[in-house]
Participant: 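The structure is given below, and queries will be raised subsequently.
Per chain, numbering begins at 1; letters A, B, ... match sequence-line order.
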Amino acid sequence: MNKLPKVSEDFPGWYQAVVREAGLAENGPARGSQIIKPFGWSIWESIWRELDDRFKATGHENMMFPLLMPTKLFEAEAQHVEGFAPEVAVVTHGGGEELEEPLAIRPTSEALIWDAYSRWIQSYRDLPLLYNQWCNVLRWEKRSRLFLRTSEFWWQEGHTAHASRQEAWEETLRMLEVYREVIEDVCAIPVYRGRKSPSERFAGADETTTLEGMMRDTKALQCCTSHFLGQNFSKAYNVQYLNPDGEQEYAWGTSWGLSTRSVGAVIMTHGDDKGLRLPYQVAPTQVVIVPIYRSDDERSTVMERADNVRNALVKDGIRVKIDDRDQFRPGYKFAEWELKGIPIRIELGPRDVGNDELIVADRVTSEKSAVSTSVAVSGMADVLKSSWQALYDDATRFRDSNTYDFSTFEEIAEGIESKGGFWRGIWCGDETCETKVTEATKATIRTVPLDKEDPHGSCIVCGKAGEETAIWGRAY
RNA sequence: CGGGAAGUAGCGCAGUUUGGCAGCGCGCUGCGUUCGGGACGCAGAGGCCGGGGGUUCAAGUCCCCCCUUCCCGACCA
């Protein structure tokens with residue numbers, strides 16, 4: 001293992017090193033592609049499971065749509081095409097011959113899905129349609145970064161159709177709340193929840209809602225999006241249903257997605273100079289036992305105890321690993337598991353067996369203490385929870401201390417440059433003012449509140465009456 | 001796609017200026033000693049020098065084309 005650059009000195013270098021050294025992912029042979037290794041994929045699988053359970057609990061079903069679609073199909077919704085066209089890869093050859101009709105590789109599946117919905121939806125009785133799929137998509141990105149922006153990535157995309165505006169908007173918010181639970185309550189990433197300004201909206205949506213987290217370099221990362229599509233796609237793909245009064249109506253839509261980028265968010269929100277720090281819910285291993293011994297006698301004594309401890313913890317549903325590799329000494333293993341961010345390490349040597357104790361080391365707080373075996377085992381679930389809490393508190397403190405309220409254009413222009421972070425100020429809602437700030441600071445509006453509320457003040461750019469309070473920041 | 005840097009063993013790099021035996025550190029394999037915070041000794045294995053063309057007696061090194069990665073931009077649901 002090589003030493004990592006420091007978080008505070010070279011964050012991009014730290015990120016790349018930790019992704020590689022912890023065995024999360026690497027670049028694939030084709031431009032912008034990525035190989036996600038088992039340790040990284042396991043984190044994603046946990047996020048997947050947490051989300052999938054909640055999708056099912058809120059009445060959604062999974063399905064599978066194809067990777068390819070005729071380019072014509074993709075082109076039906078004008079805004080959508082305009083937004084995505086530059087990123088779409090097109091298959092022109094197959095079976096050694098040029099195709100009569102080129103096929104687009106999905107950058108997202110609204111087109112495919114609304115085309116199908118036009119056949120699936122006839123009556124108000126068919127609604128709502130609450131479907132989701134787990135899949136990969138491809139977007140021809142100019143510049144890629146492992147997990148954060150790669151040409152191919154995995155995600156889930158939910159696509160629902162409803163009989164009313166109200167119902168679709170409620171669905172948009174319901175799924176945003178599901179995301180909030182997983183991002184905050186599971187991944188321990190505190191977020192600002194809100195809407196996007198019109199310029200940052202999903203191409204084809206009437207409203208885009210999002211969760212914005214702050215990474216360790218104070219830059220913003222959009223963790224997910226939940227879109228209110230209005231009737232844009234139902235009109236483009238002719239999805240009409242007959243209402244109880246016998247009238248044809250266009251369906252109302254939502255779509256929502258969360259991708260493997262969330263793994264990047266976990267890395268960049270919690271990581272420190274020693275490596276990853278993982279919330280226990282997504283940690284591939286939650287507790288690692290490092291046995292310590294010299295002689296064969298000691299080895300068998302220690303390993304027997306280690307097995308017992310593991311079995312007891314596994315019974316409580318905890319993911320435990322005994323690091324019984326003989327070629328590494330304990331100190332090396334400590335460093336490696338810290339790099340990988342495993343929440344709790346148990347050190348177990350002959351002395352501890354004699355004392356009927358375990359040394360319990362917390363990755364988040366770096367605290368290490370001797371605890372009697374039975375207490376350590378019975379209390380492990382709580383220890384994991386408090387480790388999670390410490391992570392969440394730490395991230396919240398960091399974000400709050402890097403979030404500033406401002407009231408003049410000069411303040412943000414100077415402040416973003418010198419301090420980074422999030423800047424909260426009043427905005428008139430005019431794109432001209434938004435652009436002016438962005439051009440001066442490279443910061444964009446990350447969110448405005450879900451519910452418009454009068455900020456009781458004037459726009460920090462033009463001085464006209466404020467519409468809402470916007471949070472600005474430089475983003476990934 | 002623009003500006004900059006780079007690609008040589010799994011990782012980090014030297015060698016390229018001035019063409020002439022493919023190197024170093026870590027890691028890896030074997031044996032031994034070690035083992036409570038990144039151990040040590042000895043012996044080994046491992047290379048189409050990113051790819052393709054060219055110049056030359058001779059190319060990691062010079063020339064041309066291409067690919068990939070990183071940083072800064074542009075772009076980015």
Participant: Does K333(A) place a side-chain N or O at less than 4.0 Å from the phosphate oxygens OP1/OP2 of C35(B)?
Facilitator: no
Participant: May I ask you to say what P86(A) touches in the nucleic acid, namely base, sugar-phosphate or nothing, with a heavy-atom cut-off under 4.0 Å?
Facilitator: nothing
Participant: Does R351(A) reach a base, just sugar-phosphate, or nothing at all? Heavy atoms under 4.0 Å.
Facilitator: base
Participant: Taking the P atom of each, how far is U18(B) from G54(B), in whole Å?
Facilitator: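 Taking atom P in both U18(B) and G54(B), they lie 25 Å apart.
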Participant: For the side chain of R20(A), starting at C-beta, report the closest nucleotide among G12(B), C1(B), A39(B).
Facilitator: G12(B)
Participant: If you pin Q16(A) and D352(A) to their nearest nucleotides in RNA chain B, which one's is more 5'?
Facilitator: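 With Q16(A) and D352(A) compared, the 5'-side residue is D352(A).
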Participant: Side chain of E141(A) only, heavy atoms from C-beta on: which candidate in C76(B), G36(B), C72(B) is closest?
Facilitator: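 For E141(A), the side-chain atoms sit closest to C76(B).
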Participant: Say we look at A6(B) and G12(B): how far apart would their P atoms be, to the nearest angstrom?
Facilitator: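 About 15 Å, rounded to a whole number of Å.
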Participant: With the threshold set at 4.0 Å, does a side-chain nitrogen-carboxylate oxygen contact exist between D272(A) and R216(A)?
Facilitator: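 Between R216(A) and D272(A) there is no salt bridge, as every charged N stays at least 4.0 Å from the carboxylate O atoms.
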Participant: May I ask which nucleotide in the shown strands pairs with C35(B), Watson-Crick or G-U wobble, both distances under 3.5 Å?
Facilitator: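 Per the H-bond distance test, none.
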Participant: Answer with base, sugar-phosphate or nothing: what part of the nucleic acid does F328(A) contact at a heavy-atom distance below 4.0 Å?
Facilitator: sugar-phosphate
Participant: May I have the distance from E347(A) (atom CD) to G37(B) (atom C1'), rounded to whole angstrom?
Facilitator: 8 Å
Participant: Heavy atoms under 4.0 Å, any strand shown: does R261(A) hit a base, just sugar-phosphate, or nothing?
Facilitator: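 The answer is nothing, as R261(A) stays clear of every strand by at least 4.0 Å.
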Participant: Expressed in whole Å, how much space separates the P atoms belonging to U68(B) and G30(B)?
Facilitator: 38 Å
Participant: For D217(A) and C71(B), what is the distance between atoms CG and C1' respectively, to the nearest whole Å?
Facilitator: 14 Å
Participant: Can you list every pair that meets salt bridge (Lys or Arg N to Asp or Glu O under 4.0 Å) and has a residue in residues 26-35 of chain A, with sequence neighbours left out?
Facilitator: E26(A)-K37(A)
Participant: Please enumerate all residues that pass side chain to side chain donor-acceptor pair (under 3.5 Å) together with T172(A), with sequence neighbours excluded.
Facilitator: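 Applying side chain to side chain donor-acceptor pair (under 3.5 Å) to T172(A) gives none.
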Participant: So K368(A), base contact, sugar-phosphate only, or nothing? Heavy-atom distance under 4.0 Å.
Facilitator: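 Result for K368(A) = base.
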Participant: CG of L358(A) versus C1' of G36(B): gap in Å, rounded?
Facilitator: 14 Å
Participant: Any protein N or O atoms within reach of nucleotides 42-47 of chain B? Criterion: under 3.5 Å, listing atom names and distances.
Facilitator:
none

Participant: So what's U68(B) paired with, Watson-Crick or G-U wobble, going by both distances under 3.5 Å?
Facilitator: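 U68(B) is paired with A6(B).
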Participant: Using both distances under 3.5 Å as the test, list the Watson-Crick or G-U wobble partner of A74(B), or none.
Facilitator: none
Participant: Remember a base hit wins even if backbone is also touched, and classify S144(A) as base, sugar-phosphate or nothing at under 4.0 Å, heavy atoms.
Facilitator: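 Sugar-phosphate contact only - S144(A) comes under 4.0 Å of backbone atoms but never of a base.
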Participant: Any idea which heavy atoms bring Y476(A) and L221(A) closest together, and the distance?
Facilitator: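 The answer is CB-CD1, 3.5 Å.
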Participant: What's the gap between A39(B) and G52(B) when it is taken at their C1' atoms, as a whole Å value?
Facilitator: 47 Å
Participant: Between R201(A) and Y293(A), name the one whose nearest nucleotide on RNA chain B is closer to the 5' end.
Facilitator: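 Mapping each residue to its closest nucleotide by heavy atoms, the 5'-most match is Y293(A).
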Participant: Atom NZ of K219(A) to atom C1' of G73(B): distance rounded to whole Å?
Facilitator: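 Rounding to the nearest Å, NZ of K219(A) and C1' of G73(B) are 12 Å apart.
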Participant: Taking the C1' atom of each, how far is C49(B) from U8(B), in whole Å?
Facilitator: 4 Å
Participant: Say you pick atom C1' in C21(B) and the same atom in U29(B); how far apart are they, in whole Å?
Facilitator: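 Going atom to atom, C1' in each nucleotide, I get 26 Å.
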Participant: Using only heavy-atom distances, decide whether a donor-acceptor pair under 3.5 angstrom links the side-chain of R149(A) to the base of C76(B).
Facilitator: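 Counting by modelled atom types and ignoring angles, a donor-acceptor contact under 3.5 Å is found here.
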Participant: For the side chain of E21(A), starting at C-beta, report the closest nucleotide among C35(B), C11(B), A74(B).
Facilitator: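 The nucleotide sitting nearest to the side chain is C11(B).
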Participant: Please work out which of the three classes, parallel, tilted or perpendicular, describes the rings of W14(A) and F11(A), given edges at 30° and 60°.
Facilitator: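 Plane angle under 30°, so parallel.
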Participant: Of all residues at least two apart in sequence or in a different chain, which pass the salt bridge (Lys or Arg N to Asp or Glu O under 4.0 Å) check with E77(A)?
Facilitator: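 Counting only residues at least two positions away or on another chain, E77(A) forms no salt bridge (Lys or Arg N to Asp or Glu O under 4.0 Å).
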Participant: Centres of the W114(A) and H80(A) rings: under 6.0 Å?
Facilitator: no
Participant: Considering Watson-Crick and G-U wobble pairs with both distances under 3.5 Å, what does A43(B) pair with?
Facilitator: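 For A43(B), the partner nucleotide comes out as U29(B), under the 3.5 Å rule.
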Participant: For C65(B) and A58(B), measure between their C1' atoms and round to the nearest Å.
Facilitator: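 Their C1' atoms lie roughly 23 Å apart.
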Participant: Round to the nearest Å and state the distance from R329(A) atom CZ to G41(B) atom C1'.
Facilitator: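 That distance rounds to 14 Å.
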Participant: Please give, in whole Å, the distance from C70(B) P to F147(A) CZ?
Facilitator: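 F147(A) atom CZ is separated from C70(B) atom P by 14 Å.
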Participant: Could you check whether G349(A) gets within reach of a base, just the sugar-phosphate, or nothing at all, counting any heavy atom under 4.0 Å?
Facilitator: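 Touches a base.
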Participant: Of the listed nucleotides (G37(B), C1(B), C70(B)), which one gets closest to any side-chain atom of R345(A)?
Facilitator: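 Per side-chain heavy atoms of R345(A), the pick is G37(B).
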Participant: Ignoring hydrogens and geometry beyond distance, is a side-chain donor-acceptor pair present between D297(A) and S295(A) at under 3.5 Å?
Facilitator: no
Participant: Does any pair with a residue in residues 166-179 of chain A pass salt bridge (Lys or Arg N to Asp or Glu O under 4.0 Å), and if so which ones, sequence neighbours excluded?
Facilitator: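 Counting only pairs at least two positions apart or across chains, the salt bridge (Lys or Arg N to Asp or Glu O under 4.0 Å) contacts touching residues 166-179 of chain A are E171(A)-R174(A), E177(A)-R180(A), E177(A)-R193(A).
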Participant: Measure centre to centre between the rings of W44(A) and W154(A), then say whether the value is under 6.0 Å.
Facilitator: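 No, the ring centres sit 6.0 Å or more apart.
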Participant: Counting the atoms with a prime plus P, OP1 and OP2 as sugar-phosphate, which does E338(A) contact under 4.0 Å by heavy atoms, base, sugar-phosphate, or nothing?
Facilitator: base
Participant: So what does Q222(A) touch, heavy atoms closer than 4.0 Å: a base, only the sugar-phosphate, or nothing?
Facilitator: base
Participant: What contact category does F153(A) fall into here, base, sugar-phosphate, or nothing, at under 4.0 angstrom with non-hydrogen atoms?
Facilitator: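 It contacts base atoms.
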Participant: Hey, does W169(A) have a side-chain heavy atom less than 4.5 Å from the side chain of T209(A)?
Facilitator: yes
Participant: Counting Watson-Crick and G-U wobble pairs only, both distances under 3.5 Å, name the nucleotide matched with C24(B), or none.
Facilitator: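 Per the H-bond distance test, G12(B).
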Participant: Consider the side chain of K142(A), meaning its heavy atoms from C-beta on, and name the nucleotide among G36(B), C1(B), G37(B) that approaches it most closely.
Facilitator: C1(B)
Participant: Here's one to test your reading of the geometry: is the NZ or CZ of K333(A) within 45 degrees of the ring axis of F328(A) and under 6.0 Å from its centre?
Facilitator: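 No.
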Participant: Report which part of the nucleic acid H80(A) touches: base, sugar-phosphate, or nothing (heavy-atom distance under 4.0 Å, all strands).
Facilitator: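 The residue H80(A) makes no contact with any strand.
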Participant: Cation-pi check, R345(A) to F334(A): give yes when NZ or CZ is under 6.0 Å from the six-membered ring centre and within 45° of the ring axis, no otherwise.
Facilitator: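 Output yes; distance and angle both within limits.
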Participant: Looking at R143(A), does any N or O in its side chain come under 4.0 Å of the phosphate oxygens OP1/OP2 on C72(B)?
Facilitator: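 Yes, within the criterion.
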Participant: Ignoring backbone atoms, test whether R145(A) places a side-chain nitrogen or oxygen under 4.0 Å from the OP1 or OP2 oxygen of C71(B).
Facilitator: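 It does, given that an N or O in the side chain of R145(A) lies less than 4.0 Å from OP1 or OP2 of C71(B).
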Participant: Between the side chains of T160(A) and T254(A), is a donor N or O closer than 3.5 angstrom to an acceptor N or O?
Facilitator: yes
Participant: Look for any protein N or O under 3.5 Å of an N or O in nucleotides 65-68 of chain B and output each such pair with its distance, or none.
Facilitator:
{"from": "U68(B)", "atom 1": "OP2", "to": "R31(A)", "atom 2": "NH1", "distance (Å)": "3.2"}

Participant: What does D326(A) touch in the nucleic acid at a heavy-atom separation under 4.0 angstrom: a base, only the sugar-phosphate, or nothing?
Facilitator: nothing
Participant: Rounded to whole angstrom, note down the C1' distance from A45(B) over to C31(B).
Facilitator: 15 Å
Participant: Without decimals, in angstroms, what is the distance between L339(A) CG and C11(B) P?
Facilitator: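 In whole Å, C11(B) P and L339(A) CG are 16 Å from each other.
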Participant: What nucleotide, of U69(B), G37(B), A39(B), holds the atom closest to the side chain of N27(A)?
Facilitator: U69(B)
Participant: Base, sugar-phosphate alone, or nothing: which one does T108(A) contact when heavy atoms must sit under 4.0 Å apart?
Facilitator: nothing
